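Everything on this sheet refers to the single structure shown next.
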Amino acid sequence: MNPIFDANNLSMQKQSVETLRWREGRLEMIDQRVLPMHFEYLAYTNAKEVAEGIRSMVVRGAPAIGCAAAYGVALEAIASQHQTTDAFKQTMEKGFELLAQSRPTAVNLFWALQRMRACWEKASSAPPPQIAAILLEEAHEVSREDVRINRAMGAFGATLLSDGARVLTHCNAGALATAGHGTALGVFRSAVEAGKKISVIADETRPFLQGARLTAWEMVQENIPVTLITDNMAGFMMSRGEIDAVIVGADRVARNGDVANKIGTYMVAVLAKRHQIPFYVACPISTIDMTIATGKDIPIEERADKEVKGFREYLWAAEGVQIRNPSFDVTPQELITAIITEEGYFKPSA
Ligand code: MRU
């Protein structure tokens with residue numbers, strides 16, 4: 001797919017991050033695989049393409065995946081709106097299936113698909129072009145709502161941070177992981193907007209480097225002080241009293257409050273407990289999966305070996321070595337100080 005826009009000198013651009021945008025009947029998404037070296041959008045016209053964009057991590061982060069999937073459904077409806085009603089129905093079912101298979105852990109994907117299906121069912125007696133228009137409006141609303149939710153969550157979360165707090169985050173739970181503002185990084189943005197001087201410590205987040213590439217980039221763009229560390233430095237920093245709080249996002253929260261998030265989150269939570277540092281999770285209520293009792297039941301994605309063997313074309317691991325690459329881990333609820341949502345924050349209890 002050809003990039004739509006490429007600017008190498010990112011610091012010259014003062015535009016806010018628009019992870020997904022609707023342009024001339026197409027969905028455009030920032031290609032997060034090439035940030036921060038390149039800033040470019042890729043365009044999508046049907047569910048199959050969007051599913052591939054999610055699978056290959058052009059777009060990533062639970063809420064952003066949900067928004068992309070909603071647009072994937074709308075695009076499929078637009079692309080097939082001139083088919084007969086029966087053919088339209090079949091094409092749509094195939095589109096839902098492809099999107100549902102794109103990534104397994106982030107529950108927002110399934111939440112968004114369920115929401116789009118409910119909208120389709122409600123409009124099912126209308127002719128396909130009308131259904132397509134209704135689904136597109138619903139997809140826009142999923143994205144608009146996500147930004148509103150993140151702002152509400154940010155306002156609650158900001159009250160938990162003291163002026164001058166040095167806050168560690170893992171992976172990227174920022175504007176790039178959502179339709180805008182972010183979950184964990186949304187709390188930082190809201191704290192700064194409220195006049196608090198906070199500084200961010202970003203774990204680099206092996207193996208996909210969301211912290212080094214995406215969180216660091218987002219914070220630098222907005223002049224929020226950010227220091228990058230490798231994942232194995234967090235314990236040392238905590239032991240030296242250089243971290244006051246931890247805030248991370250979530251990909252799926254079980255009914256008992258166990259949290260699946262980017263691999264490495266569990267390690268940070270254990271360290272935070274050891275050092276009596278508050279450990280917060282910021283996520284929309286749509287990330288809470290009430291059908292799942294505990295974290296043990298959350299499906300954990302295993303990604304390709306090559307992500308661990310090296311980065312992009314450059315491989316550093318010994319040839320022939322066996323690789324494991326679980327992309328998420330589960331933090332048990334007893335390690336979590338509070339879960340911050342758009343309706344307030346609460347301490348999970350079993
Ligand atoms: O594999 P990713 O990059 O999609 O995983 C995303 C995360 O785990 C994020 O850290 C995040 O907390 C969830 S999305 C706000």
Side-chain angles (χ1 to χ4, degrees), residues 61-62 150 153-174 176-178 181-192 196-206 209-212 214-216 218-219 224-253 257-284 287 295 328-341 344-349:
N150 293 336
M153 201 187 312
F156 284 120
T159 65
L160 295 166
L161 298 182
S162 52
D163 196 14
R166 299 154 301 173
V167 193
L168 179 100
T169 190
H170 190 74
C171 194
N172 172 268
L176 288 166
T178 63
H181 199 66
T183 56
L185 300 196
V187 173
F188 302 155
R189 286 190 168 93
S190 296
V192 169
K196 289 184 179 173
K197 283 193 172 48
I198 58 132
S199 53
V200 176
I201 296 119
D203 272 352
E204 75 174 345
T205 318
R206 284 270 294 139
L209 306 181
Q210 289 94 331
L214 309 178
T215 294
E218 270 196 56
M219 296 292 92
I224 298 178
V226 58
T227 302
L228 178 66
I229 61 171
T230 60
D231 300 338
N232 51 1
M233 293 175 188
F236 174 76
M237 302 275 292
M238 289 182 184
S239 73
R240 290 293 167 103
E242 292 181 41
I243 292 171
D244 302 306
V246 177
I247 307 186
V248 297
D251 290 82
R252 195 184 296 224
V253 180
D258 291 351
V259 167
N261 193 51
K262 181 51 54 193
I263 192 79
T265 303
Y266 170 56
M267 210 162 66
V268 177
V270 172
L271 285 168
K273 186 75 163 181
R274 167 80 172 89
H275 295 284
Q276 294 168 336
I277 294 167
F279 182 93
Y280 301 113
V281 174
C283 67
T287 304
F328 300 91
D329 58 27
V330 175
T331 299
Q333 56 86 19
E334 64 268 20
L335 299 180
I336 298 167
T337 311
I339 297 182
I340 305 161
T341 73
Y345 50 84
F346 61 93
K347 162 104 192 91
S349 56

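A quick note: this is a predicted structure, and the numbers were derived from the prediction, not measured.
Closest approach of V268 and D203 over heavy atoms only: CG2-OD2, 3.6 Å. Among all heavy-atom pairs drawn from I263 and R206, the shortest one is CG2-O, 3.9 Å.
Residue-environment remark: OH (Y266) stays at or below the threshold of 12 foreign heavy atoms within 6.0 Å.
Here the CD1-CG distance, from I243 to L168, works out to 4.5 Å after rounding to the nearest 0.5 Å. In this structure, NE2 in H181 is found 9.0 Å from CE in M153, a value given to the nearest 0.5 Å. Atoms CG and CG, from L176 and L185 in turn, are 8.5 Å apart once rounded to the nearest 0.5 Å. From Q333, atom CD reaches atom NZ of K347 across 6.0 Å, with rounding to the nearest 0.5 Å. In this structure, CE in M233 is found 11.5 Å from OG1 in T227, a value given to the nearest 0.5 Å.
Between the side chain of T205 and the backbone N or O of H170, no donor-acceptor pair lies under 3.5 Å. Judged purely by atom type and a 3.5 angstrom limit, D244 has no side-chain atom pairing as donor or acceptor with the backbone of V167. Put simply, the side chain of R252 never gets that close to the backbone of A260: no donor and acceptor are under 3.5 Å apart. Checked by atom type and distance alone, the side chain of T215 never pairs as donor or acceptor with a backbone atom of A173 at under 3.5 Å. Side chain of R274 to main chain of S239: no donor-acceptor pair is present (N/O by atom type, distance under 3.5 Å, no hydrogens or angles). Not a single donor-acceptor pair under 3.5 Å links the side chain of S190 to the backbone N or O of V187.
Salt bridge absent: K197 and D163 never bring a charged side-chain N and a carboxylate O closer than 4.0 Å.
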> I229 and F236: side-chain contact (heavy atoms from CB on, under 4.5 Å), yes or no, with the steps?
Replying inline: CA-CA 11 Å; I229 61 171; F236 174 76; over 6 Å; no

